[in-house]
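Taking it in order: structure first as structure tokens, then the write-up.
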Amino acid sequence: MRNGHDTLNHYRSIQHVRIGSYLINTWYQAPYPEEYSRTDVLYICEFCLKYMKSNFVSKRHKENCCMKHPPGNEIYRDGQLSVFEVDGRKNKIYCQNLCLLAKLFLDHKTLFYDVEPFLFYILTETDNQGCHFVAYFSKEKRSKLGYNLSCIMTLPPHQRKGYGQFLIDISYLLSKNEHKVGSPEKPLSDLGLLSYTKYWKQTLMDFILENKSHLGMTTIEDISQHTSMTLDDVISTLDKQGILTKNKQGQFELMVTVDTNSGSIAMQHDDISGGSVTPMPYPKRLRAKQELLTWVPY
DNA sequence: AATTGATGATTGTCTCGCCG
DNA sequence: CGGCGAGACAATCATCAATT
């Protein structure tokens, strides 16, 4: 031990991160350089995502760091919420730091340093201090398999606010602007599958309710085009709800009855929470609004 | 286009001093 | 005495331009 500040060296991995005003328990290990892993608390600048070992260095950095929002272009703004698009090639360090931070909360993430082939979409909450990082997702610039999202993460203090669903919505809005359909990178994590299952179900329920007057004329292809979801994802989601059948010609048909009073849809396998069997009115959700997106395909 | 080198900013660490 | 915050400074790092 060389001095009084080295007393934290017995830690084998990072237990907490301090970012902005939050002290957050970490969930998984991340491959930070070894000297940064041997600490209880890792300090992260909430604007440039630089990581530091000590509170002193963090404070000094805060005085000098001139960033008040993520690098790249702001592509979406709705009140306090903004989305920035960051190019992994143009802002390599930022994106590498982002991947390391994300790994603290993602189990099986493997991408950390080879960030050039990716774009990163950063969700921020704005106040008079600046645009505070709350969540992100990454996307391959050129996905051969039609993936429109690779990794997605919301910082724990901001979870359960609908930000994950919102970012998934943004990812499909981007696909829509590219005139493509898309799907998340496989394999999905447990939490990822849960989020997507919920998103797909709600998106299709919304579509059905909005188009209930002419569902007979609607094909699976129409739904796919409208939602930018792949045919496979549309079919598997509708099938899980038990509202998909094939007619004599082998074409898919929707079997739906819309309850115009409650605004809900009768489904065989709807989620039953709290033992209630009455269909729950689906919760309001944070939707990405196409008119607020200022983005052109890469 | 890729590599190298210079330059200026930033960090890690040492030291001192305060306080419980 | 031990822990913590702050100033100083050498070493390191990122950036950008020049060169191959």
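Chain naming here is simple, since letters A, B, ... match the order of the sequence lines and numbering starts at 1 in each.
- More than 12 heavy atoms of other residues, nucleotides or ligands sit less than 6.0 Å from atom NZ of A/Lys176.
- Under the ring-ring contact (aromatic ring centres under 6.0 Å, His included) criterion, A/His108 pairs with no residue, sequence neighbours left out.
- Taking atom CG on A/Asn91 and atom C1' on C/dA14, their separation rounds to 13 Å, with Å as the unit.
- Inter-axis angle, ends of the helix from B/dA1-C/dT20 to B/dG20-C/dC1, five pairs per end, rounded to 10 degrees: 30°.
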Pull out every protein N or O sitting under 3.5 Å from an N or O of nucleotides 5-12 of chain B, one pair per line with the distance.
{"from": "B/dT11", "atom 1": "OP1", "to": "A/His61", "atom 2": "ND1", "distance (Å)": "2.9"}
{"from": "B/dG12", "atom 1": "OP1", "to": "A/Tyr36", "atom 2": "OH", "distance (Å)": "2.3"}
{"from": "B/dG12", "atom 1": "N7", "to": "A/Arg60", "atom 2": "NH2", "distance (Å)": "2.8"}
{"from": "B/dG12", "atom 1": "O6", "to": "A/Arg60", "atom 2": "NH1", "distance (Å)": "2.8"}
{"from": "B/dG12", "atom 1": "O6", "to": "A/Arg60", "atom 2": "NH2", "distance (Å)": "3.4"}

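- Listed by chain and residue number, nothing satisfies the ring-ring contact (aromatic ring centres under 6.0 Å, His included) test with A/Tyr136 (two or more places apart in sequence, or in another chain).
- A side-chain N or O of A/Asp233 and one of A/Ser183 form a donor-acceptor pair less than 3.5 Å apart.
- Going from atom CZ of A/Arg89 over to atom P of C/dT15 covers 14 Å, rounded to whole Å.
- In terms of hydrophobic clustering, with Ile, Leu, Val, Met, Phe, Trp and Tyr side chains grouped at heavy-atom distances under 4.5 Å, A/Val17 and A/Ile93 are assigned to different clusters.
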Using distance only, find each side-chain donor-acceptor pair of residues 168-175 of chain A under 3.5 Å and give its atom names and separation, not counting sequence neighbours.
{"from": "A/Asp169", "atom 1": "OD1", "to": "A/Tyr199", "atom 2": "OH", "distance (Å)": "2.6"}
{"from": "A/Asp169", "atom 1": "OD2", "to": "A/Arg287", "atom 2": "NE", "distance (Å)": "2.8"}
{"from": "A/Asp169", "atom 1": "OD2", "to": "A/Ala288", "atom 2": "N", "distance (Å)": "2.9"}
{"from": "A/Ser171", "atom 1": "OG", "to": "A/Ile168", "atom 2": "O", "distance (Å)": "2.6"}
{"from": "A/Tyr172", "atom 1": "OH", "to": "A/Trp200", "atom 2": "NE1", "distance (Å)": "2.9"}
{"from": "A/Ser175", "atom 1": "OG", "to": "A/Asn148", "atom 2": "ND2", "distance (Å)": "3.1"}
{"from": "A/Ser175", "atom 1": "OG", "to": "A/Ser171", "atom 2": "O", "distance (Å)": "3.4"}

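- Taking atom NZ on A/Lys59 and atom C1' on C/dG5, their separation rounds to 7 Å, with Å as the unit.
- When the ring-ring contact (aromatic ring centres under 6.0 Å, His included) test is applied to A/Phe207, the partners found at least two apart in sequence or on another chain are A/His226.
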With side-chain hydrogen bond (donor to acceptor under 3.5 Å, both in side chains) as the criterion, how do A/Glu46 and A/His132 come out once you've worked through the C-alpha distance, each side chain's angles and the decisive distance to 0.1 Å?
CA-CA 6 Å; A/Glu46 62 176 333; A/His132 305 267; 2.7 Å; yes
